[in-house]
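Scope of the values below: all heavy atoms of this structure, side chains included, with no hydrogens, waters or symmetry mates.
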Amino acid sequence: MNEYLAVILIVVIAIIFNNLNTKIRKLEKEVSDLNSKINKKALQPEAPQETTHAEEIFTPAQTQVHEPPREVITPGENAQPSTTIQKDWISPVFDFLKQNILTVIGIFTLVLGIGYFVKYAIDKNWIGETARSGIGLCTGAAIILTGHFLRKNYKIFASIITGGGIAVLYFTTTIAFREYHLFTQNTAFVITSIITAVSIALSYYYKSEVLIIFSLIGGFTAPLMISTRESNYLFLFTYLTLLNIGMLVAAFLQHWKSVGWTAYIFTSIYLLYWTIDLPELLSIAFYIINYIIFYIFALQDYFRKNELSVPDILMLAFINCSSIIGLTYIFNELQYEPVIIFPLIFALVNAILLFREYGKRNFKTPFSVFAGITVSLITIAVALQFKAHLITSVWAIEATLLLFIWKKTGYKIFKTCFHILFPLVIFAQLITWCEYYNTKNLSIIFNPVFLTSLVTILSIGINLYLLKDTREKAESETKTFFEDLTTAASYGVIYTALLLEIIYHINTMPWAAITSVGLLYSICYIFILLLFRKKLSLAHDLQTGLIYLFLFLIMINISVSTSSVVTDILSKQLPNSFYLLHLLQWIPFIYVCIKIIPDTKFHQSKISYWIISLAFVVSISCELHHLYVLANSHHVTDSYPVKNHFNILYLPIIWALLASIFIYIGLRKNIQEYNKIGFTLIGLMVLKLYGYDVWQMDNISRISAFIALGIILLLSSFTFQRVKNIIKNMVDTKEKSEENKDL
């Protein structure tokens, strides 16, 4: 019953297809006649007539044919990025899929249908194993012949059909070898090689880029189909090398870029698997051979027309990156030396091309690309010589290279690749930093972890320099966001790399000392960023945020961290001289308050005056408190009454003096916030004095405190009134002077 239904369904489909085919041919004839009429009218020198509705439909298809510009880097100005309009490389892929998706699905479905039919025939014992293979081979050949006859009128459709036929041949050979054991592995390899050679020849004969991609995919997957898992890498990569040479010839003859990229992806996967599975000296030869093949592929336009397109530059970057990683990994696993030989050889190859451009005085895009690659390879060689971690160093330098090429060419795809690779650099650096916790007795600076961090820091420094002026040239908020995020992450990586190295080498000290050193380093790092804020092109909002963070760290360090340091000094865990290290924070603190803050937009909000005043009050109070405790205590137990005495007797006096200073500055510079801060501080001091301190003092201390505070308050009041009168007299004098001028 099922067989009858299948036959009826096939007949119905054939009738429907025949009717559709008849209608399509009639429509094609009508369109052809209409085009002929339009061409005749176009040749007549008569005035333009009214366009018919049919002409409105079909004329644009003939007159508005725009060939997309080929994305080629042309010689431009020396230091200016190219302004060539970029080609949208994703759109052609989607256009191809939209136009041919039914064909692709159809041929895939047909192959599955044939497979299910063969399976059904096998289940029914209609045919034997040899006959099954014969049917598969004949079916594949028939599909290829069908594509051959359709190639003139339906080029892309015929290419996909032919590709499906080639796929049938590959799968049939695979099944005949692996399942039915009809022939040996060598015979299966010869058959698959013949299929690959024939398919490549057909591709060249038909001039079909689609077909050769199908052929290459089949050629690269053929070893997997006939594999016996014996890891015969010599045999495998000899075959792949011959396949890549064929690819290179086809790419040069027809200028097919996608062919080279397809071969590179498959070859890289095979080499990566071989490198991880069985690193041996033989694999180095195939790395070098494939490096030469794909380098020649990437430079075909350069040798023909002295041009480098975007795919060419990407291929140059990727083939150097993947080859260095694979070869260096093999050398490290086999413990061969020197490991820097391959980066230096590849650098020499690019240096030859660089000097070729220099000799022609052609300082355009190729010169920049070869210069960037050469410098990157030399940097990698230096990093490997000092035992830096391979992946982190290569990725960091590769990211900088991509950004450099973007700046020189203006093609945004390199910037996009940089934004993709840069997070991977940070992730790899995080993994590298984890070795601080697993490794002991690392030398200072000259250790693999910090040397890797140093390579990353240098590459990030170059990135920041290249991105310095992009904020002004940004075209959208999205770009600015990514650039700001990259900048913030870069400064974070530099900060963390230096901090971890410092902490690693002082980790045997008490926790209070480690915390104090870490906070002092953080304060100095932010101070350096603020000091060079103009050269680093830091945004105003970022400057303000850094100042707030700087003041917060100052208060934390001097109040909490230094208090613990004083306790450790009194308990003899730290020497007295360690306290001098803490005093270094006053240098950046005073400089920031006097020089940097007035030159920024920090004081745009009123809260800024309160924050800086709070930092100043906390710093002065805590510093005098720590010095008083160290001077009058010999042990931790002695320090408690000393601290209490300072807080009761001297702290109110310090606050009163500081309040007077704030009021004076507020009057002098006419800043009302400082007046408010001064009076607020006096209020807090009075509340503390009368609410708590008085009840804790003896009579002599109480008398001394009241007399001293009374004198200070009177002097402050006198100073306040005097400054107020001076300001009033200055205002009156200015008004009289203006009146005299008017008269």
Taking atom CD1 of Ile288 and atom CD1 of Ile345, what is their separation to the nearest 0.5 Å? 6.5 Å
Evaluate the side-chain contact (heavy atoms from CB on, under 4.5 Å) criterion for residues Trp256 and Met247: first the C-alpha distance (whole Å), next the side-chain angles of each, then the deciding distance (0.1 Å), finally the verdict. CA-CA 9 Å; Trp256 288 331; Met247 171 279 302; over 6 Å; no
Has Lys407 got a side-chain atom pairing as donor or acceptor with Leu466's backbone, closer than 3.5 angstrom? yes
Step by step, work out the side-chain contact (heavy atoms from CB on, under 4.5 Å) result for Ile293 and Thr241. CA-CA 9 Å; Ile293 291 174; Thr241 300; 4.2 Å; yes
Specify the closest pair of heavy atoms between Trp395 and Ala428, including all atoms of both residues, with the distance to one decimal. CE3-CB, 4.0 Å
Donor-acceptor contact present, side-chain Ser283 to main-chain Thr275, <3.5 Å: no
Can you give me the closest heavy-atom contact between Pro366 and Asn306, atom names plus distance? CG-O, 4.1 Å
Distance, nearest 0.5 Å, that separates CD1 of Ile380 from CD1 of Ile373: 10.5 Å
Can you see which heavy atom on Ala347 is nearest to which on Ile378, and at what distance? CB-CG1, 3.9 Å
Min side-chain heavy-atom separation Phe220-Tyr270 under 4.5 Å: yes
Can you tell me how far the CG atom of Leu458 sits from the CD1 atom of Ile397, to the nearest 0.5 Å? 9.0 Å
So Phe342 and Phe331, would you call those rings parallel, tilted or perpendicular, with 30° and 60° as cut-offs? perpendicular
Tell me which pairs pass side-chain hydrogen bond (donor to acceptor under 3.5 Å, both in side chains) where either residue lies in residues 322-332, with sequence neighbours left out. Tyr264-Ser322
Side chain to side chain, Phe286 and Thr238, heavy atoms closer than 4.5 Å: yes
Could you go through the side-chain hydrogen bond (donor to acceptor under 3.5 Å, both in side chains) check for Ser490 and Asn463 one step at a time? CA-CA 9 Å; Ser490 299; Asn463 296 344; 5.6 Å; no
Residue list, side chain to side chain donor-acceptor pair (under 3.5 Å) with Glu333, at least two apart or on another chain: none
Could you check if a side-chain atom of Val425 sits within less than 4.5 angstrom of a side-chain atom of Glu398, using non-hydrogen atoms only? no
Decide yes or no for Asn244 and Phe294: does some side-chain heavy atom of the first lie under 4.5 Å from some side-chain heavy atom of the second? yes
Do the side-chain N and O atoms of Thr432 and Thr452 include a donor-acceptor pair separated by under 3.5 angstrom? no
Partners meeting side chain to side chain donor-acceptor pair (under 3.5 Å) with Tyr291 (sequence neighbours left out): Asn320
Does any part of the side chain of Val455, heavy atoms only, come nearer than 4.5 Å to the side chain of Thr392, both counted from C-beta? no
Taking the side chain as every heavy atom from C-beta outward, state whether Thr486 and His419 have any pair of such atoms under 4.5 Å apart. yes
d(Ile217 CD1, Phe266 CZ) to nearest 0.5 Å is 5.0 Å
Would you check if the distance from the ring center of Phe370 to the ring center of Tyr302 is below 6.0 Å? yes
With side chains defined as the heavy atoms from C-beta onward, is the minimum distance between Phe346 and Tyr295 less than 4.5 Å? no
Over 60° means perpendicular and under 30° means parallel, so tell me whether Phe237 and Tyr233 are parallel, tilted or perpendicular. tilted
Could you tell me which non-hydrogen atom of Phe418 sits nearest to which non-hydrogen atom of Leu467, and how far apart they are? CE2-CD1, 4.5 Å
Contact check, side chains of Phe367 and Leu354, non-hydrogen atoms, under 4.5 Å: yes
Run the side-chain contact (heavy atoms from CB on, under 4.5 Å) check on Leu377 and Leu348 step by step: do they pass? CA-CA 9 Å; Leu377 290 170; Leu348 179 62; over 6 Å; no
Ile319 CD1 to Asn290 CG distance, which is reported to the nearest 0.5 Å: 7.0 Å
Apply side-chain contact (heavy atoms from CB on, under 4.5 Å) to the pair Ile313 and Trp406, showing each step before the final yes or no. CA-CA 10 Å; Ile313 300 173; Trp406 167 69; over 6 Å; no
Looking at Leu281 and Leu334, what are the two nearest heavy atoms and their distance? N-CD1, 3.8 Å
Rounded to the nearest 0.5 angstrom, the CD1-CD1 distance for Ile245 and Ile296 is 9.5 Å
Heavy-atom closest pair (Thr374 atom, Ala351 atom, distance to 0.1 Å) is OG1-N, 3.5 Å
